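Sharing a structure below in structure tokens format, with a few things to ask.
Model, not experiment: these values are computed from the prediction. Scope of the values below: all heavy atoms of this structure, side chains included, with no hydrogens, waters or symmetry mates.
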Amino acid sequence: MRPEPGQVLHFSEDPTIIRFVPRVSTTSKDQGAFVWAVDAVRAPDYWFPKQCPRAMAWVTPETSSSDRERIIGPGGGDRVHAIEYDWLEEIRSVRLYAYRFDSTPFRPIGGPVPRAHVAEEPVEPLGPPEPVGDLLALHAEAGIQLRVLDILWPYWETITSSTCGFNGIRLRNSHGHPGHRPETP
């Protein structure tokens, strides 16, 4: 599930939204009220239940061969997404929808490579929301490895110190998040 040229997507578990109004995100470091969407490259980052913590890594032109082997590893493809076991059943059962928008009112945000697109005015979808379908099948069809780990945080710490491209979403919900770790004496 990716947008067509000239479009961006917004993924949601709510299939009843008719109009999207900019809002301030409590989890974003970006200041301002936005309607958030993604392009075709970043769409796979959202093939998950909204609250599911995930760590994602991919090969870039700057990725070293040792990091490619260590982070991406065998199994094919140039990208890997990792989640915790506690989220596997939710990934199998969630009903996720994609809203399509004309990309004209949106601008890229984040850099040097944009991580999303934002509109600062209300926008309406091009049509009704589309069911995204089987999220595991989407990963397989896209050639993206999906790893299921006991604790996500050690993998996240490894990829952020590598030469791979990476993104993490809802990491605060992971078991290994520093906020969930017991205090050490």
How about V118 and P108: do any of their side-chain heavy atoms sit closer than 4.5 Å?
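Answer no - side chains too far apart.
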
Looking at residues at least two apart in the chain, or sitting in another chain, which of them share a side-chain contact (heavy atoms from CB on, under 4.5 Å) with A40?
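If we apply the side-chain contact (heavy atoms from CB on, under 4.5 Å) test to A40, skipping adjacent residues, the hits are R2, P3.
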
Where is the tightest heavy-atom contact between F106 and A119, given as atom of each residue plus distance?
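Of all heavy-atom pairs spanning F106 and A119, the closest is CD2-N, 3.5 Å.
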
Do R42 and P114 come close enough that some side-chain heavy atom pair is under 4.5 Å?
no

Please find the pair of heavy atoms, one from I91 and one from C52, that lie closest to each other, and give the distance.
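That would be CD1-SG, 4.2 Å.
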
With salt bridge (Lys or Arg N to Asp or Glu O under 4.0 Å) as the rule and sequence neighbours excluded, what pairs involving residues 71-83 come up?
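Every pair satisfying salt bridge (Lys or Arg N to Asp or Glu O under 4.0 Å) with a residue in residues 71-83: D45-R79, R68-D78.
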
CD1 of I83 to OG of S174: how many Å apart, nearest 0.5 Å?
12.0 Å

Same cluster or not: F11 versus I144, using hydrophobic residues (I, L, V, M, F, W, Y) connected whenever any side-chain heavy atoms lie under 4.5 Å apart?
yes

Treat each ILVMFWY residue as a node, draw an edge where side-chain heavy atoms are under 4.5 Å apart, and state whether V59 and V41 are in one component.
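Different hydrophobic clusters.
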
Does one hydrophobic cluster hold both F166 and M56, with members joined at side-chain heavy-atom distances below 4.5 Å?
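They do not share one cluster, since no chain of ILVMFWY contacts under 4.5 Å joins F166 to M56.
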
Between A37 and V8, which heavy-atom pair has the shortest distance, and what is it?
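Of all heavy-atom pairs spanning A37 and V8, the closest is CB-CG2, 3.5 Å.
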
Contacts of type side-chain contact (heavy atoms from CB on, under 4.5 Å), residue P125, not counting sequence neighbours:
F20, Y99, F101

Q7 side chain to E4 backbone, donor-acceptor under 3.5 Å
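Here the side-chain-to-backbone pair exists.
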
Can you name the side chain to side chain donor-acceptor pair (under 3.5 Å) partners of Y97, sequence neighbours left out?
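Counting only residues at least two positions away or on another chain, Y97 forms no side chain to side chain donor-acceptor pair (under 3.5 Å).
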
Once side chain to side chain donor-acceptor pair (under 3.5 Å) is applied, do any residues pair with E141, and if so which ones, sequence neighbours excluded?
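Residues passing side chain to side chain donor-acceptor pair (under 3.5 Å) with E141: none at all.
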
Nearest 0.5 Å, please: how far is CZ in F48 from CG in L146?
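L146 CG to F48 CZ: 6.0 Å, rounded to 0.5 Å.
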
Is the F34 ring parallel, tilted or perpendicular to the W36 ring (thresholds 30°, 60°)?
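Rings of F34 and W36: perpendicular, over 60°.
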
Would you please name every residue forming a side chain to side chain donor-acceptor pair (under 3.5 Å) with H139, sequence neighbours left out?
H81

Heavy atoms, side chains only, cut-off 4.5 Å: are L152 and P53 in contact?
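Yes, their side chains come closer than 4.5 Å.
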
Is the backbone of G165 close enough, under 3.5 Å, to the side chain of T60 for a donor and an acceptor to pair up by distance?
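Absent.
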
Looking at I71 and T158, what are the two nearest heavy atoms and their distance?
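Result for this residue pair: CD1-CG2, 3.4 Å.
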
What are the two closest heavy atoms between M1 and P131, and how far apart are they?
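Nearest pair, atom of M1 first, then P131: CE-O, 3.8 Å.
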
Find out whether I151 and E84 are in side-chain contact, i.e. whether some heavy atom of one side chain is under 4.5 Å from a heavy atom of the other.
yes

Return the set of residues passing side chain to side chain donor-acceptor pair (under 3.5 Å) with E120 (not counting sequence neighbours), or none when no residue passes.
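Scan of E120 (side chain to side chain donor-acceptor pair (under 3.5 Å), adjacent residues dropped) gives R107.
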
Pairing residues for D14 by the side-chain contact (heavy atoms from CB on, under 4.5 Å) criterion, not counting sequence neighbours:
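D14 satisfies side-chain contact (heavy atoms from CB on, under 4.5 Å) with S12, T16, I17 only.
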
Residue pairs involving residues 85-94 (criterion side-chain hydrogen bond (donor to acceptor under 3.5 Å, both in side chains); sequence neighbours excluded)
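Of all non-adjacent pairs touching residues 85-94, those that pass side-chain hydrogen bond (donor to acceptor under 3.5 Å, both in side chains) are D86-H175.
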
Do I169 and W153 share a hydrophobic cluster (ILVMFWY, side-chain heavy atoms under 4.5 Å, transitive)?
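In one cluster with I169: W153, no.
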
Say you draw a straight line from CG of L96 to CD of E13; how long is it, rounded to the nearest 0.5 Å?
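So the gap between those two atoms works out to 6.5 Å.
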
Is S162 reaching over with its side chain to a backbone N or O of D67, donor-acceptor style, under 3.5 angstrom?
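Checking the backbone N and O of D67 against the side chain of S162, no donor-acceptor pair under 3.5 Å is found.
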
Results of side-chain contact (heavy atoms from CB on, under 4.5 Å) for Q145 - residues two or more places apart only
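In terms of side-chain contact (heavy atoms from CB on, under 4.5 Å), with neighbours along the sequence ignored, Q145 is linked to I72, V80, R147.
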
What residues, two or more places apart in sequence or in another chain, satisfy salt bridge (charged side-chain N to carboxylate O under 4.0 Å, His left out) together with E130?
R100

Hydrophobic cluster identity match, L171 and L149, side-chain contacts under 4.5 Å
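They do share one cluster, since a chain of ILVMFWY contacts under 4.5 Å joins L171 to L149.
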
What are the two closest heavy atoms between K50 and R54, and how far apart are they?
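Looking at all heavy atoms of both residues, the closest pair is O-NH1, 3.5 Å.
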
Measure the shortest side-chain to side-chain distance between V35 and V21 over non-hydrogen atoms and say whether it is less than 4.5 angstrom.
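The answer is no; the side chains never approach within 4.5 Å.
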
Side-chain touch Y46/L9, heavy atoms, less than 4.5 angstrom
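Counting from C-beta outward, Y46 and L9 never come under 4.5 Å.
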
Quick note, ring pair (Phe, Tyr, Trp, His ring centres under 6.0 Å) partners involving residues 52-75, not counting sequence neighbours, are none

